[in-house]
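Note on naming: letters A, B, ... go to the chains in the order of the sequence lines (proteins, then strands), and numbering restarts at 1 for each one.
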Number of protein chains: 2
Amino acid sequence: MTAPRKPPKADPLYVASLEKGLNVLGAFSSGQQFMNLREIAEACGTDKSTAQRFTHTLSQLGYLEKCAKTKRFSLGKRVLELSFNYLRANALVEAASPVLIELQRATGERVNLSLFDDLSILYAIRQSSKREYYFSTLIGRRMPIWSSSGGRAMLAALPRAEVNDILKRSDLKPLTPRTIHDPAGIRKKIAQAQQKGYALTVEEGVMGEVVVAAAIIDADGRPAAAIHIAGSLGEWTAERFERKFGPLLAETAQRLSHHRFANR
Amino acid sequence: MTAPRKPPKADPLYVASLEKGLNVLGAFSSGQQFMNLREIAEACGTDKSTAQRFTHTLSQLGYLEKCAKTKRFSLGKRVLELSFNYLRANALVEAASPVLIELQRATGERVNLSLFDDLSILYAIRQSSKREYYFSTLIGRRMPIWSSSGGRAMLAALPRAEVNDILKRSDLKPLTPRTIHDPAGIRKKIAQAQQKGYALTVEEGVMGEVVVAAAIIDADGRPAAAIHIAGSLGEWTAERFERKFGPLLAETAQRLSHHRFANR
DNA sequence: GGGCCTCGTATTACAATGCGATACGCTTGA
DNA sequence: TCAAGCGTATCGCATTGTAATACGAGGCCC
């Protein structure tokens, strides 16, 4: 959950100092708002001197903030700027944005756009008018690709060999008692998504929640993103939810597919 | 607009390599989605070799993505993760989140939460149910503190000396023909905000838009954030908009103030 | 209330590491 | 066909980051 990428080997072009500095920012993936030097050093697996130099540098640059009283560090506002730059330049997200807003208005439910990123999906747009669990409103959140509705919709658009590879490298730990987490069961759900054009999960991410999702395919035929609609089992049966939103979602995703947004 | 922080002097604790690496990410504040090596080198003021090493490292870590065909770089999805970690841990933003959602539902207008950051405000929550200009939906966007409604509401809570210092260091370039950008005019608007408990701007950020905003004060008595309500002059007169939402907003901001969220 | 532990900060000698000039091969367009 | 510009790879040098150490301040427990 901390570092989804592998730290590479000795390589003459690799700048280890940069990695260490970014690891300091990564230390805050624990969810703690404030950390002192020792905690940061521990989380990064370095000594205190190293943590001192990197926190000092990051603070000057605005990527870390230091409380004058407690001398503890937190992430700086400048990290939000990087997100802004990512999203403003992303043509796929920009094109999807008005579509998602419209979808939210039309359905009244929470709608999301998530991006494909190897073993994870990563939320990029979240539209809701209801009061939600805080994390469900935040972009940048990562979820396992194999258990999420959008993830399975995207896996359904990948060649079988790639799906196998992804499942093999994934940690299939269930998120709720109802998470389908055996490879055969997951593959069956992926096959269903392939056939229907959308995926359905019932209480697999959060209890009480039903989600349908459909994949957006890029110009190269690969899944780039997914749109999700999430509802509450207090208001819907899974069947009604699927019937009402599944086909609509598949059609919407289709409309956003096969454009030159994503790559190039 | 590119680098709000000053690059510091020679200092034994300062890790220049880290700064250079982060400058590569900062190069994308131009708004371009894709950049080649030379463009990145130019934007960072370095040579091609340096750009080569840093892009290579950042790509391995997921903070940059490289198109296999064109060999050009774009920001990586991992920068969104940093935002997530910032927001999930920020108690002020978390506390404000349901309040903003409620405010959006109650008013039907676009509501924002912005954070105080020296010469800028920086959006952290944006709630809207309408179709908006894309940038108006993105968090992490920076705006000048002196021209924005939320910024002036926050300046109204600062000592006069600090306001003078901020105005002195700011670039008072108007954003629209109606932006009040002379120091005396700005100070007058700040004084009005002080008196009313909220600030009002009419077409100062975008033509056709009216905004009211009120500051959230932290436990130390300093402005930490502001909540905004933005409307269209096509639907409202400035006077009606102010009368309808100003007092509501001031009261809402008051309710979120003086807690132990922001610092510590 | 005194002593001890842990924190953040500052310094320094050392060599590993990042540096940047250079060269190569490829694609593109004139 | 050639030249310009690109991404990539190599390498000797010294700059820059390293990590051990020491200091002083603050907080906690006995």
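Here C:dC7 presents its P atom at 13 Å from CE of A:Met35, a figure rounded to the nearest Å. Distance CD (B:Glu39) to C1' (D:dC6): 11 Å, rounded to an integer number of Å. Going from atom OH of A:Tyr14 over to atom P of D:dA9 covers 17 Å, rounded to whole Å. The interatomic distance linking A:Asn36 (CG) with D:dG27 (C1') rounds to 14 Å, in whole Å. Here the P atom of nucleotide D:dA19 and the CG atom of A:Leu37 are 15 Å apart, to the nearest Å. One atom, CG of B:Asp11, and another, C1' of D:dT15, lie 16 Å apart when rounded to the nearest Å. Rounding to whole angstrom units, CG of residue B:Leu64 and P of D:dG7 are separated by 13 Å. Here the C1' atom of nucleotide C:dG18 and the CG atom of B:Leu18 are 13 Å apart, to the nearest Å.
Residue A:Thr46 has no polar side-chain atom (N or O) positioned under 4.0 Å from OP1 or OP2 of D:dA19. Applying the 4.0 Å criterion to OP1 and OP2 of C:dC7, one finds that A:Arg38 has a side-chain N or O inside that range. At D:dC6, none of the side-chain N or O atoms of B:Lys69 fall inside 4.0 Å of OP1 or OP2 (strictly under the cut-off). Remark: B:Thr50 is not in phosphate contact with C:dC19, judged by side-chain N or O atoms under 4.0 Å from OP1 or OP2. Distances shown here put every side-chain N or O of A:Ser17 at or beyond 4.0 Å from the OP1 or OP2 atom of C:dT17.
Remark on DNA chain C: of its neighbouring residues A:Ala16 and A:Phe73, the 5'-side contact belongs to A:Phe73, judged by nearest-heavy-atom nucleotide.
A side-chain donor-acceptor contact under 3.5 Å links B:Arg126 and B:Asn112.
Two rings, from B:Phe135 and A:Phe84, have their centers less than 6.0 Å apart.
Nearest heavy-atom pair, A:Ile216 versus A:Leu256, reported as atom, atom and distance to 0.1 Å: CG2-O, 3.4 Å. B:Gly197 and B:Ala214 make their closest contact through O-CB, 3.6 Å (heavy atoms, listed as atom of the first residue, atom of the second, distance).
Contacts of B:Phe54 with the nucleic acid, taken as non-hydrogen atoms under 4.0 Å apart, involve only primed sugar atoms and P, OP1 or OP2.
Judged by distance alone, with hydrogens and angles left aside, the side-chain atoms of A:Ser97 form no donor-acceptor pair with the main-chain N or O of A:Val93 at under 3.5 Å. Using modelled atom types, one side-chain atom of A:Glu39 and one backbone atom of A:Asn36 make a donor-acceptor pair closer than 3.5 Å.
Minimum atom distance to the side chain of A:Leu13 is reached by D:dT10, of the listed D:dT10, D:dG17, D:dG7.
Side-chain contact between A:His259 and A:Asp218 is absent, with no heavy atoms from C-beta onward closer than 4.5 Å.
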>> Base contacts versus sugar-phosphate-only contacts with protein, heavy atoms under 4.0 Å: please encode nucleotides 21-30 of chain C as B, S and - from 5' to 3'.
In response: BB--------
